[in-house]
Structure formats: C-alpha cells, structure tokens
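A short worksheet on the structure shown next.
Small disclaimer: the values here were computed from a predicted structure and weren't measured.
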Amino acid sequence: MTSATRQPETAAETLPPRLIATDLDGTLLRDDKSVSPRTVAALAAAEEAGIEVFFVTGRPARWMDVVSDHVHGHGLAICGNGAAVVDLHGGPGAHRFVKVRELARENALDAVRLLRDAAPGTVYAVEQTYGFYQEPAYPKLHMETPDSLAPAEELLGPDHQAAAEPVLKILAYHPEIDPDAFLTLARLAIGDRANVTRSSPSALLEISGPGVSKASTLALCCAERGISHEQVVAFGDMPNDVEMLTWAGRSYAMGNAHPDVIAAASGRTVANNEDGVAVVIEQLLTEVP
C-alpha cells in the first residue's frame, strides 16, 4: 500500500512539477460552477507542458459533466473523496470505473449506529457507484432525486435493490450541530471503522472506507506513474482536502479556504472566483524547462 503520509525528502521546490491535483467546488470552479476561460487555458497549457492534471473531488462520477471537457489525454478523475478513479472519456453517463475503494457494508452499518447514538437526529444517504439512496428525513441537499427512500439500515442491508453494488460513501446530516463540531464528534464516535470528513458549509459529513481519502488514492495513482509526492502540486479549500495538501510536495489553500486547509497547505493563492488555481499554474509553467 502506498503511503499517503508525506516524508521529509528532497525539497519539493527543487523538482519540476509532474502532476497537478485540484479539488473542484470552491477551488477550480467558480461559485457559479463554471470553469473560467483563464482556468481552461491554464489547464491546457499544463497538459501541453507534460504536466498531468487530476481532478480530485468529493463529487460522484455522474456530477463530473462540468469538467469532462477538460480531462485531456488520460481522462481520469478521482471521485467520492478517493473512493473511485473514473475514466470520463465516455462523456456524461458513460464513465467507466477504473478503481473502486468501497466502504464495506458492515463498516457503514457500524458508522450509522455509532453516530446515531452520539448525535441523535442524524439522517443518512448512501452513495453507490451508480445509485443514490436516502432516508425519508434526509433533506434535499443534492441535484438529483434519490433512487429509493428507506432507513439507512435497510438501504445498507442484504435485501436492498442495490445490495450487489459497491458503497462509495455514506452521507450524514444533522440539522442543528455546528459543522466542525459534528466532524469532531463523528470522528471520535466512529473511530477506525471509517474515514470521516466534510466539504459542505452545512453539517454534512462524508464517510468512506478506512484509509480512503483523496490523498491515499492520489498516492496510488502517482505510484502507478512513477511520480513522487514532491512532484505533485495540490489545491483545495475544505477539510476533505487536508490530507491531500499535507501529502503533496507543494500545496495551495484557496483564498476562500477553511482555516484547517490554510494551516495544512504550504502556500496560499487567491480565491476560486479570482482564478486562484490558474494564477499558480501560470507561475509553475515558468519553472518547466
């Protein structure tokens, strides 16, 4: 297993970048979910210079239409906070899962039970490779209609209609608890049964398999390409980006980033609405021989 913990090796600044890893919402995308012309040009210029660009997002594969025109040669994206590596070349609705790091149903059920006990009033949704399912009380937080409504224990049970389909993550929402406090509480309650993070401004947690994160899946993809963490430049804005920013040789918190992200990153750029990713890429390209 490739480690997603950054080790103190040669200073990252001495090595030219080989891969750019960027979050989408709040990072590469503007608040209106568009990719600006300046950012499109910067991504294309990076690929032209031989630097791979990986989109690394909490989004499911079916929400990747917004950037599917910008995946260039390799066509790959890391989705679901590292739960899946997806080939987007087929276009909307025709993506192919290259790698799936699922959340075992036993672990998911344990997480649901432990968090229900620790935070009464928590409601759940289940994100699978091709389906989305939720409890009746789960609010309409997403841009789609759930495939079915039922208690989480039923959605994750052996008799559910999608029982044979891998679970990528479960979503846990609480209507009253502070988002950061909810994240801390959930991590303490669930322990090593699953990996818990958040990317929403609301008290919405994303729960993946143990050890599954943007960082660990990115590390696997880089190892397959012979790319060291020192040759990776990463961008992010929310707690689900912290591990990735810590692992990468160079990392940038957006001007609109969460305080934990600012603390984790080695650098900072301007906000997503000011094309912060493009600003850094343009500078990076001056370093490429």
Side-chain angles (χ1 to χ4, degrees), residues 1-7 19-28 54-61 63-64 76-86 97-104 107-108 110-111 115 126-129 166-172 179-180 182-184 186-200 204-225 227-229 232-254 257-266:
M1 182 73 175
T2 303
S3 172
T5 302
R6 185 168 63 188
Q7 301 299 323
L19 187 143
I20 292 166
T22 178
D23 173 53
L24 294 182
D25 297 281
T27 300
L28 187 81
F54 262 69
F55 301 127
V56 188
T57 178
R59 286 181 172 228
W63 289 7
M64 295 298 288
L76 300 178
I78 296 172
C79 298
N81 291 328
V85 180
V86 183
F97 286 90
V98 175
K99 187 189 304 291
V100 173
R101 305 180 68 196
E102 66 183 291
L103 171 62
N107 292 58
D110 282 349
L115 192 51
V126 178
E127 182 73 61
Q128 296 186 226
T129 43
V167 174
L168 299 183
K169 63 181 178 180
I170 54 176
L171 301 163
D180 286 328
F182 192 33
L183 177 58
T184 299
R187 285 175 168 170
L188 289 171
I190 293 172
D192 62 3
R193 299 299 291 159
N195 187 53
V196 186
T197 191
R198 59 173 282 256
S199 60
S200 169
L204 177 65
L205 304 182
E206 300 163 67
I207 303 172
S208 305
V212 175
S213 68
K214 290 184 174 186
S216 62
T217 301
L218 178 62
L220 290 171
C221 291
C222 287
E224 292 169 355
R225 289 159 173 75
I227 297 173
S228 73
H229 73 87
V232 176
V233 181
F235 299 86
D237 73 306
M238 287 296 281
N240 64 330
D241 297 312
V242 165
E243 295 97 329
M244 177 174 73
L245 299 180
T246 302
W247 177 79
R250 273 184 279 185
S251 57
Y252 293 86
M254 307 305 293
H258 186 282
D260 289 352
V261 174
I262 295 170
S266 60

Worksheet item: What are the two closest non-hydrogen atoms of Leu19 and Leu218, and how far apart are they?
Response: CD2-CD1, 4.0 Å

Worksheet item: Taking the inter-plane angle between the rings of Phe235 and Tyr252 on a 0 to 90° scale, is it parallel (under 30°), tilted (30 to 60°) or perpendicular (over 60°)?
Response: parallel

Fill in: Worked verdict on Asp180 versus His258 for side-chain contact (heavy atoms from CB on, under 4.5 Å)
CA-CA 10 Å; Asp180 286 328; His258 186 282; 3.1 Å; yes

Worksheet entry | Working for side-chain contact (heavy atoms from CB on, under 4.5 Å), residues Phe54 and Val232 | CA-CA 10 Å; Phe54 262 69; Val232 176; over 6 Å; no

Practice prompt. Rounded to the nearest 0.5 Å, what's the gap from CG on Asp23 to CG on Leu245? Could you check?
Written response: 8.5 Å

Worksheet item: Going from CD1 on Ile207 to CG on Asp110, what distance comes out if it is rounded to the nearest 0.5 angstrom?
Response: 11.5 Å

Worksheet entry | Any donor-acceptor N/O pair, Glu127 side chain to Leu171 backbone, under 3.5 Å | no

Fill in: Considering all heavy atoms, the nearest Lys214-Asp241 contact
NZ-OD1, 2.5 Å

Fill in: Minimum side-chain heavy-atom gap Trp247-Cys222 below 4.5 Å
yes

Worksheet item: When rounded to the nearest 0.5 angstrom, what is the spacing between OG1 in Thr217 and CE in Met244?
Response: 11.0 Å

Worksheet item: Does any N or O in the side chain of Lys99 come within less than 3.5 Å of the main-chain N or O of Leu220, such that one atom is a donor and the other an acceptor?
Response: no

Practice prompt. Determine the minimum heavy-atom distance between Gly211 and Asn195, stating which atoms define it.
Written response: N-CB, 4.4 Å

Worksheet item: With no hydrogens and no angle check, is any side-chain donor or acceptor of Ser266 less than 3.5 Å from a backbone partner on Ser251?
Response: yes

Worksheet item: Between Thr27 and Asp237, is any side-chain donor less than 3.5 angstrom from a side-chain acceptor?
Response: yes

Fill in: From OG1 (Thr197) to CZ (Arg187), nearest 0.5 Å
5.0 Å

Worksheet item: Between atom CG of Leu115 and atom CD1 of Ile170, what is the distance when rounded to the nearest 0.5 Å?
Response: 8.0 Å

Discussion item. I want to check something: taking the side chain as every heavy atom from C-beta on, are Cys221 and Val85 in contact at a cut-off of under 4.5 Å?
Written reply: yes

Item to complete: Could you walk me through whether Thr57 and Met64 pass the side-chain contact (heavy atoms from CB on, under 4.5 Å) test, one step at a time?
Response: CA-CA 9 Å; Thr57 178; Met64 295 298 288; 3.7 Å; yes

Discussion item. Give me the atom names and distance for the closest heavy-atom approach of Cys79 to Val86.
Written reply: SG-CG2, 4.0 Å

Worksheet, complete the sentence: Between Asn81 and Ser208, the two heavy atoms sitting closest are CB-OG, 4.5 Å

Response to the item:
Closest heavy-atom pair, Pro239 versus Val261, reported as atoms and distance to 0.1 Å, is N-CG2, 3.9 Å

Worksheet item: Just by modelled atom types, is the Arg193 backbone N or O under 3.5 Å from a matching donor or acceptor in the Asn107 side chain?
Response: yes

Fill in: Test log, rule side-chain contact (heavy atoms from CB on, under 4.5 Å), inputs Val167 and Glu102
CA-CA 5 Å; Val167 174; Glu102 66 183 291; 5.6 Å; no

Worksheet item: Glu243 and Ser216: side-chain donor and acceptor closer than 3.5 Å?
Response: no

